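To start, the structure under review is shown below, and the notes come after it.
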Amino acid sequence: MKEPEKILEAKDICKAYGKNMVLNQVNLTIKAGEIYGLVGENGAGKSSLMKVITGLTKPTSGEISLFGKKNLEDERNKIGCLIENPALYMDMTARQNLEIQRTQRGIPGKSSIDEVLEIMDLKDAGNKRVKAFSLGMKQRLGIAIALLGRPQLLILDEPINGLDPTKIKYVREVLKNMNEEDGTTILISSHILPELHQLATVYGFIHHGKMLQQITDKELDEKCRRHVHIEVDNVEKASCILDERYPESQIKVYLRNVIKVFGYNKNISDITKELVYGGVGVEKIGYEGEDLEEYYTNLLSEVKSNETA
Ligand SMILES: Nc1ncnc2c1ncn2[C@@H]1O[C@H](COP(=O)(O)OP(=O)(O)OP(=O)(O)O)[C@@H](O)[C@H]1O
């Protein structure tokens, strides 16, 4: 099988502000179709890395390729980004803000504005001045700006900041759809790790400006022995259904009524539907094992104890 195209390759990136080295020999590769979750404590260097990639700041040293090319100016037009707070003109309407960004970035067609307002559920607020927006609306407008022109690479720095739980889920679905249907590649940072875990396909853990580890969601699940724990009224029937429907997962039967499914990382509700449809009663179902948050906390405490040793 052909390897997916490298959308972004950052090699040995260093960034210093005066004597403060905030990125130290960072390497990062993102392939087409990946959703790359960047994880790190406050001040770890996530925004700085995103700024270097998007050209908002220059690296002190290191090399970046975008879409396989080193001429970044043209290639950066294929990126939509939201880094730190959205830069919005408060006295203008949402539509006017989008129009400024659209012309600055040379995105053809005014219809792209209606499209992103609709995608971000801001259609009715398009003609409202931004100063009258709630925090969550401003954040969604910031994401809408990033989505203008359906960029091939989206770079989103904590995009769900200030969103309520319903809107967090909504934005997750929008990003998933863009990734699955348009093949949009996404680099995203978030401190809300359970949320990031539902979206990302690869993770990079950054600490004091250094990339500690990069790991795919499959590797993470294996390390965490993450699995779906199911309790049913008929294990034989249930394991037959699951074996047939999910040949890539490992189905293991425990006790009289417990089944564990390893190597499955999609919606649990799909499994429930399959079993119920097949006439199996589902008494309990849920993920078990370590999750991203526990994995990251353990990784960090290991690194910190080595630092003090
Ligand atoms: N313009 C700047 N001038 C000087 N120092 C800066 C500048 N921007 C960032 N820094 C410093 O760089 C370091 C990394 O900051 P950065 O914003 O990249 O971290 P972060 O991982 O995004 O943090 P957070 O999770 O809080 O957003 C911090 O020590 C910060 O103080």
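None of these values were measured; they are calculated from a predicted model. Both ligands and their constituent atoms are indexed starting at 1 by order of listing.
- The nearest heavy-atom contact from the protein to atom 9 (C) of ligand 1 is Y17 CE1, 3.7 Å.
- Scanning all protein heavy atoms for the shortest distance to atom 27 (O) of ligand 1 gives E158 OE2, 3.5 Å.
- Atom 16 (P) of ligand 1 has its closest protein heavy atom at S48 OG, 3.7 Å.
- Comparing heavy-atom distances from atom 28 (C) of ligand 1 across G45, G18, G43 singles out G43 as nearest.
- For atom 31 (O) of ligand 1, the nearest protein heavy atom (residue, atom name, distance) is N20 ND2, 4.9 Å.
- Close approach of ligand 1 to A44 (heavy-atom distance below 4.0 Å) involves ligand atoms 19 (O), 20 (P), 21 (O).
- The protein non-hydrogen atom at the shortest distance from atom 22 (O) of ligand 1 is S47 OG, 2.7 Å.
- Under 4.0 angstrom from ligand 1, the non-hydrogen atoms of E41 all belong to its backbone.
- Among protein heavy atoms, atom 26 (O) of ligand 1 sits closest to N42 ND2, 2.9 Å.
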Could you go through residues 32-48 and list every donor-acceptor pair under 3.5 Å that involves a side-chain atom there, pairing it with any protein atom two or more places apart or in another chain?
from : atom 1 : to   : atom 2 : distance (Å)
E34  : OE1    : K31  : N      : 2.9
Y36  : OH     : Q214 : OE1    : 2.6
E41  : OE2    : K304 : NZ     : 2.7
K46  : NZ     : G40  : O      : 2.8
K46  : NZ     : E41  : O      : 3.0
S47  : OG     : D157 : OD2    : 2.7

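- Ligand-side atoms of ligand 1 in range of H191: 25 (O), range being under 4.0 angstrom from any heavy atom.
- Note on K167 versus D121: salt bridge recorded, some NZ/NE/NH1/NH2 to OD/OE distance being below 4.0 Å.
- With respect to atom 11 (C) of ligand 1, the closest heavy atom belonging to the protein is V22 CG1, 3.8 Å.
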